[in-house]
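Below you'll find the structure, written out as structure tokens, and then a few comments.
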Amino acid sequence: MRFPRSSGVLLHPTSLPGNYGIGELGAEAFAFVDWLASAGQSLWQVLPLGPTGYGDSPYQSFSSFAGNPLLISLDALVADGYLSRDDVAAAPNFPSGNVDYGRVITWKNKLLRRAAPSFKHSQRAGHRVEFQRFANANASWLDDYALFAALKHHFSGAMWSAWPEPIRKRDMKAVATLHETRLQDDVLHVKFLQWQFFRQWHMLKQHAHALGIRIVGDIPIFVAYDSADVWAHPELFYLDADGKPTVVAGVPPDYFSQTGQLWGNPLYRWDVLAQHDYDWWIERVRFALQTVDVVRMDHFRGFEAYWEIPATETTAIHGRWVPGPGRAPFDAIVETFHGTSLPIIAEDLGVITPEVVALRERFGFPGMKILQFAFGLGADNPLPHSFERHCVAYTGTHDNDTAIGWFKSANNDARAHALAYMGTDGSDFAWDLIRLGAMSVADTFIAPMQDLLSLGSEARMNFPSKPSGNWQWRMSADALTPRLAERLKKVTVAYGRDSEKRIEQKNIGKKEGITFDMVEPFASSVPPRNASD
């Protein structure tokens, strides 16, 4: 699939401003979409939207399908009568520039636990019908996740491998007994929150579409060990008799770390997935394309070969490359979608071989180009004048330092190379890099919000291989100024990426024939924006 010449902004919803310690899917999210439109942008890229576990990482989620309850708009719950004004009026004095996850999780979860009982006793028949439609339409993943989350709460947050053996091994009689005697309210609570998350998310998505903005999402190739995915489908992963991983995922020593990155995710048994015609992966991609318009396939090179590390290792050094499934999963996905050209971006960064390139090109997926990598890292990182058009260029990603941070920490040769190439003095380096990306031949250009704001390393989103302290940055409430929008729009218009000049875009999935069954529970009953914001 060829994407139209366009541009957008990378900003995870947790980084939005607001009064409750973390970005939400409420008024501030709608304001951000409005701002994108005023700046002539066509794309909003987000990170994985799932409920976060270890280290608060969106790439270590309790589910590959569920949404993160921490993103639910509390004001929308108040508007719908599931919380009171007094509930949210007592919000702690959270920091405005970062997410204090410990405090946010403790406080917000207490409030969310008040909302489900309000719904249970609510007389709003329309909402009850909508909720049931959502639960029925998404039962294939929602039932397992709700039970997993309820059990996790019941066992005081313990990892599923530490649960009593009958529950750990999904003895359905034991699970059913516990469900019927102790977990019914908790299961309803989890399902209610998922309904609210996707209800709010699809309202926001519809608003973006009305303004000509598509949303780029993210599918992590691997899943977290402590997840409903692994608990419900242990046969799909390399686990021992006790359910512990025997080998785990990571990457070898690289640009980010001399000891590599030990992610710790369990590895797939691709042979078992093949026996089931890759149905789990097909459903994962289908669901993602119902939730967002374009999908960034994280660690795409892992489909060609992945770095396998014995689970006993403490670093990623002593691993090995193991052949992945290659084209087979994508053949199955394309066949399921009747030959549709899938709106997928391949994250083809890292150790990229000719085989990885061939796999990406076979399916026509655009790859990624990182402008920071163009300077000082050798011939394998091409300069913008030699980019292929069918790619997505970034100043940097969530794993990179900000443009300003990179410029200040880069060696003299890399800085000199960048300044000479761009013909600037570096006094406005972030915007120099933004202009370079915007003028490049790449069909798509995306800049992190931190670079638009010319922020330094203090605003970095993630530091790969650093186990804690990541994913915390938040944008200030006064950041989205008309002046900044006008500056971005001028650059966007100058290099032919503005949304007003491009051909009007319909929803990519519907245009290409992908059906959106999951959205139906929301289509006729979602209230207008002002009703909940």
Quick one: do the S7 and Q41 side chains pair a donor with an acceptor below 3.5 Å? yes
Does T397 offer a backbone N or O that forms a donor-acceptor pair with the side chain of N400 under 3.5 Å? yes
Name all residues meeting the side chain to side chain donor-acceptor pair (under 3.5 Å) criterion together with H276; count only those two or more places apart in sequence or in a different chain, and write none if there are none. none
Between N136 and Q132, does any side-chain donor sit less than 3.5 Å from a side-chain acceptor? yes
Counting only N and O atoms by type, is there a donor-acceptor contact under 3.5 Å from the side chain of R497 to the main-chain atoms of A438? yes
More than 12 foreign heavy atoms under 6.0 Å from CZ of F363: is that the case here? yes
Does any part of the side chain of W35, heavy atoms only, come nearer than 4.5 Å to the side chain of L488, both counted from C-beta? yes
Side-chain H-bond candidate by donor/acceptor type, D498 with T492, under 3.5 Å: no
Distance only, no hydrogens: is a donor on one side chain within 3.5 Å (strictly under) of an acceptor on the other, for Y145 and D229? no
State whether the side chain of R435 and the backbone N or O of M439 hold a donor-acceptor pair below 3.5 Å, judged by distance alone. no
Between H390 (side chain) and D443 (backbone), is there a donor-acceptor pair under 3.5 Å? no
If we ignore angles and hydrogens, is there a donor and acceptor under 3.5 Å between the side chains of Y421 and H385? yes
Mind telling me whether W471 and Y59 have parallel, tilted or perpendicular rings, with 30° and 60° as the class edges? tilted
Heavy-atom donor-acceptor pair, D144 side chain to A232 backbone, under 3.5 Å: no
Distance-only side-chain donor-acceptor flag, W141 / E283, under 3.5 Å: no
